[in-house]
Amino acid sequence: FFIDWTAYRSTFEDYGERLLGHRVAVMGDAEMRLLPTPTLTFSDVRVGEPEDPLLAVSRFAVRIELPPLLKGEVRIIDMTLDEPSLRLSLDEQGRLDWFTGLNRDGFLRDVDPDLVMLERATIRDGRLSVVDARSGRSHSLDDIDLLVGARSLLGPYKLDGMVSHNGQRATVVLATGRRDAEGALRLRAGITPVSVPVDLVMDGQVSLADGKPAYEGAYTLNSVVTEEGAATGWVSEGAFALDVARLGLTDASLRYGPED
């Protein structure tokens with residue numbers, strides 16, 4: 001059963017703005033399929049000002065489970081974002097424009113985050129870029145392919161997939177706790193480059209004070225070696241504090257060779 005939903009795109013745009021705190025515009029086609037499972041599909045979705053969006057998605061599709069929807073719950077069976085491009089900027093004070101540019105009502109407006117659950121989201125061929133106004137430099141991640149799941153919009157979240165930085169491919173595994181009342185979030189991140197035999201694991205707290213992101217906790221960086229090469233293996237452990245201005249390491253240690 002198929003409906004041309006293009007004429008009602010404003011309904012989806014309004015709900016998206018209440019979720020994200022930014023204007024949402026569907027510039028392309030909008031379709032809805034009710035049976036056998038409610039399915040929404042949009043093309044050319046833009047978040048922010050349409051002429052210069054913070055986020056642009058080539059194609060967005062979502063399937064929603066019907067029985068929970070009848071009880072006021074949104075259980076997303078799967079969601080797909082094709083070629084999402086997220087473009088962020090840091091101002092002179094190191095604040096991210098995504099947060100400084102929120103509308104006056106903020107995000108998750110009139111939405112109970114615990115009534116929205118995401119079983120699986122697929123991000124295909126994504127890109128993230130951050131421009132730092134203080135230095136004029138741009139940093140980017142490309143070829144982002146991730147699977148995402150969340151028990152609610154406040155977390156916990158789990159992300160698993162691959163990204164590229166400066167042409168170097170790496171696997172990433174991210175797991176968060178639940179966002180607290182101050183907006184902080186525990187994050188455990190594992191990163192393994194494809195072409196470099198090392199594993200990096202970070203476990204700490206992500207905070208956002210006045211639009212300035214920071215990440216602080218403990219890290220473990222170790223070489224990946226075969227059993228025969230254990231004698232040349234090494235591991236570094238310590239504490240880290242990362243923000244938009246610097247990366248600080250404390251209580252850092254380096255051990256070379258087998259533990260025994």
Side-chain angles (χ1 to χ4, degrees), residues 5-32 39-64 74 76 78-91 95-113 115-118 120-133 138-150 152-155 157 159 161 163 174 176 179 183 185 206 208 210-213 244:
W5 209 252
T6 304
Y8 300 95
R9 72 182 68 208
S10 61
T11 302
F12 305 118
E13 293 171 339
D14 177 68
Y15 188 75
E17 182 173 347
R18 288 190 284 129
L19 281 177
L20 300 175
H22 291 278
R23 180 181 175 187
V24 176
V26 179
M27 308 301 291
D29 297 328
E31 298 175 355
M32 181 175 184
T39 303
L40 309 176
T41 305
F42 309 109
S43 63
D44 194 6
V45 180
R46 305 182 189 185
V47 179
E49 294 305 316
E51 300 79 12
D52 186 23
L54 294 164
L55 172 65
V57 182
S58 175
R59 178 181 175 273
F60 170 88
V62 60
R63 287 197 306 137
I64 302 172
V74 179
I76 299 171
D78 62 63
M79 177 189 298
T80 302
L81 288 82
D82 289 330
E83 299 179 354
S85 177
L86 179 60
R87 297 186 297 172
L88 303 176
S89 298
L90 290 167
D91 64 16
R95 300 175 302 180
L96 277 172
D97 57 348
W98 181 278
F99 300 101
T100 58
L102 287 171
N103 60 39
R104 64 181 183 179
D105 295 315
F107 59 94
L108 297 182
R109 172 166 48 96
D110 301 327
V111 177
D112 185 342
L115 294 182
V116 181
M117 189 186 80
L118 176 62
R120 183 182 67 180
T122 302
I123 297 174
R124 295 193 292 225
D125 197 17
R127 187 173 194 275
L128 166 65
S129 63
V130 180
V131 177
D132 192 336
S138 178
H139 310 275
S140 63
L141 296 175
D142 302 288
D143 302 321
I144 300 173
D145 298 307
L146 293 174
L147 292 178
V148 184
S152 87
L153 293 180
L154 295 179
Y157 284 85
L159 300 87
V163 303
L174 308 178
T176 80
R179 182 173 175 264
L185 194 70
V206 176
L208 188 71
D210 192 29
K212 301 176 184 178
V244 296

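- Residues meeting the side chain to side chain contact (heavy atoms under 4.5 Å, CB included) test with Val111, sequence neighbours left out: Tyr15, Arg18, Leu19, Val116, Leu153.
- Paired with Val57 under the rule side-chain contact (heavy atoms from CB on, under 4.5 Å), one option of Val26, Leu81, Asp82 passes, and it is Leu81.
- His22 is listed as a side-chain neighbour of Leu102, based on a closest heavy-atom distance under 4.5 Å.
- Pairing each heavy atom of Thr39 with each of Arg63, the nearest pair is OG1-CG, 3.3 Å.
- A distance of 10.5 Å separates CZ in Arg179 from OG in Ser152, rounded to the nearest 0.5 Å.
- Closest approach of Gly16 and Val24 over heavy atoms only: C-CG2, 3.6 Å.
- Rounding to the nearest 0.5 Å places CG of Leu147 at 10.5 Å from CZ of Arg124.
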Steps toward side-chain contact (heavy atoms from CB on, under 4.5 Å) verdict (Val148, Met79):
CA-CA 9 Å; Val148 184; Met79 177 189 298; over 6 Å; no
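- Formation of a donor-acceptor pair under 3.5 Å by the Ser85 side chain with backbone atoms of Ala56 is not found in this model.
- One N or O on the side chain of Asp145 and one on the backbone of Asp125 form a donor-acceptor pair closer than 3.5 Å.
- Side-chain contact between Thr176 and Leu174 is absent, with no heavy-atom pair separated by less than 4.5 Å.
- Of the listed residues (Leu55, Asp142, Leu86), just one forms a side-chain contact (heavy atoms from CB on, under 4.5 Å) with Leu128, and that residue is Leu86.
- Going from atom CG of Asp210 over to atom CG of Leu96 covers 11.5 Å, rounded to the nearest 0.5 Å.
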Name the atoms and distances for all side-chain donor-acceptor pairs under 3.5 Å in residues 42-50, with sequence neighbours left out.
| unit_1 | atom_1 | unit_2 | atom_2 | d |
| --- | --- | --- | --- | --- |
| Ser43 | OG | Asp29 | N | 2.8 |
| Asp44 | OD1 | Arg46 | NE | 3.0 |
| Asp44 | OD2 | Arg46 | NH2 | 3.1 |
| Arg46 | NH1 | Pro50 | O | 2.9 |

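- Listed for the Asp97 side chain is no donor-acceptor partner under 3.5 Å among the backbone atoms of Leu88.
- By the 4.5 Å heavy-atom criterion applied to side chains, Tyr157 and Leu185 are not counted as neighbours.
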